[in-house]
Amino acid sequence: MPKERLDKLLASQGLGSRSDMQKAIRAGRVTIGGTVCRSPADKIDPEDRELCLDGRPIQYRRYLYLMMNKPAGILCVSRDPKVPTVVDLLPAEFRRKGLFPAGRLDRDTVGLVIITNDGDYAHRVLSPAKKVVKRYQALLDGPVGTEEVKAFAEGVKLADGTLCRPAALRLLPQEPGPLAEVEITEGKYHQVKRMFAAVGRRVLWLKRCAIGGLILDASLPEGGCRELTAPEQALVWEKCQ
Ligand code: URA
């Protein structure tokens with residue numbers, strides 16, 4: 001892998017800001033292959049020699065993959081001048097440059113969001129051609145039945161004439177109200193809400209529960225996040241149609 005400036009590289013691992021890292025380096029707290037390095041501008045290949053901070057080895061990772069349980073009221077973008085975003089919610093240990101949500105949820109939608117700095121991975125998750133399945137639960141303003149299930153399976157036509165791909169609609173036990181589960185393989189603007197609107201129903205609450213075979217960790221509180229393991233990262237390709 002190409003060499004990078006030491007201060008930049010350490011900051012990219014969520015160990016602190018670049019100026020924090022410059023101070024740590026100048027204070028002699030960083031070793032490269034066992035030798036103290038006091039020059040923040042030194043260029044190194046992190047896969048070449050062991051890097052330690054305060055004697056503790058740094059497990060270098062180029063990319064970070066996080067699962068977040070998005071709360072309502074938070075924007076699903078990297079930055080916004082007014083409203084808090086999913087990236088703003090990240091704890092200090094995960095904060096670093098270049099993180100963004102792989103896909104948008106509406107401000108009032110809750111549930112599973114993947115946050116990463118790996119553009120290729122995010123692109124593949126979002127690519128309509130990949131047909132990654134996204135599963136949602138929707139609380140509706142009234143019941144749906146076999147007619148709506150059939151309409152979704154055939155491909156709903158939205159109010160503006162856009163034809164959606166066939167989608168699986170399942171009726172869930174009616175608690176706490178008319179609850180349905182829907183699986184879609186594309187990501188049009190407000191898609192689930194517009195699909196229900198097309199069959200005469202309003203979505204009162206919407207949660208994304210799964211992306212492919214990756215299911216939202218039920219132990220994550222709202223606003224909580226954790227790293228995805230490598231097998232979990234690959235689970236999103238499961239059920240691709
Ligand atoms: N469909 C919607 O309508 N909203 C979302 O946030 C996601 C899918």
Side-chain angles (χ1 to χ4, degrees), residues 66-80 82-89 99-116 121-144 148-149 151-172 177-217 220 222-225 235-236 239-241:
L66 303 168
M67 164 194 287
M68 175 176 281
N69 183 7
K70 177 193 171 298
I74 300 294
L75 288 186
C76 206
V77 295
S78 304
R79 291 269 164 268
D80 186 87
K82 292 195 184 116
V83 183
T85 72
V86 288
V87 169
D88 294 332
L89 292 188
L99 286 171
F100 61 93
R104 292 265 177 106
L105 289 183
D106 298 337
R107 188 165 168 180
D108 60 352
T109 302
V110 300
L112 176 60
V113 175
I114 296 173
I115 300 172
T116 184
Y121 179 81
H123 178 73
R124 281 184 289 135
V125 172
L126 299 175
S127 163
K130 286 273 175 205
K131 296 190 178 171
V132 171
V133 178
K134 287 112 186 166
R135 177 152 51 89
Y136 294 86
Q137 280 186 1
L139 183 64
L140 305 171
D141 67 345
V144 281
E148 288 80 10
V149 171
F152 273 46
E154 283 169 358
V156 166
K157 195 185 238 185
L158 303 179
D160 66 358
T162 307
L163 190 62
C164 296
R165 284 182 184 155
L169 174 62
R170 224 161 51 86
L171 311 177
L172 297 176
L179 198 60
E181 197 165 77
V182 60
E183 287 187 345
I184 57 174
T185 58
E186 44 193 349
K188 299 184 198 304
Y189 182 63
H190 293 332
Q191 181 161 348
V192 172
K193 291 172 185 165
R194 290 160 75 210
M195 286 171 78
F196 279 109
V199 296
R201 285 283 161 244
R202 201 157 68 84
V203 172
L204 305 177
W205 171 88
L206 188 63
K207 176 179 188 172
R208 182 155 66 194
C209 308
I211 300 176
L214 178 70
I215 295 168
L216 178 64
D217 184 337
L220 270 185
E222 283 203 353
C225 69
L235 276 177
V236 300
K239 300 176 76 179
C240 276
Q241 291 178 357

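Quantities reported herein were computed from a predicted structural model and do not represent experimental measurements. Ligands are counted one by one from 1 in listed order, and the atoms in each one are counted from 1 as well.
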Does ligand 1 come near enough to Val192 that some N or O of the ligand is less than 3.5 Å from an N or O of the residue? yes
Take Leu216 and Arg208 through the test side chain to side chain contact (heavy atoms under 4.5 Å, CB included) and record every step on the way to the result. CA-CA 8 Å; Leu216 178 64; Arg208 182 155 66 194; over 6 Å; no
Ligand-side contact atoms (ligand 1) for residue partner Thr109, heavy atom cut-off under 4.0 Å: 4 (N), 5 (C), 6 (O)
Considering only protein heavy atoms, which is closest to atom 4 (N) of ligand 1, and at what distance to one decimal place? Asp106 OD2, 2.7 Å
Under 4.0 Å from a heavy atom of Tyr136: give me the atoms of ligand 1 that qualify, with their elements. 7 (C), 8 (C)
Say whether Arg194, considering both its backbone and side-chain N or O atoms, lies within less than 3.5 Å of an N or O atom on ligand 1. no
Purely on distance, is any nitrogen or oxygen of His190 under 3.5 Å from one on ligand 1? yes
Quick one: CG on Leu105 to NE2 on His190, what's the gap to the nearest 0.5 Å? 11.5 Å
Using a strict cut-off of 4.0 Å, indicate which atoms of ligand 1 neighbour a heavy atom of Leu206. 1 (N), 2 (C), 3 (O), 4 (N), 5 (C)
How about Val203 and Leu140: do any of their side-chain heavy atoms sit closer than 4.5 Å? yes
Taking only Lys NZ, Arg NE, NH1 and NH2, and the carboxylate oxygens of Asp or Glu, determine whether Arg107 and Asp80 approach each other closer than 4.0 Å. no
Roughly how far apart are Tyr136 OH and Met195 CE, rounded to 0.5 Å? 10.5 Å
Could you check if a side-chain atom of Glu148 sits within less than 4.5 angstrom of a side-chain atom of Phe196, using non-hydrogen atoms only? no
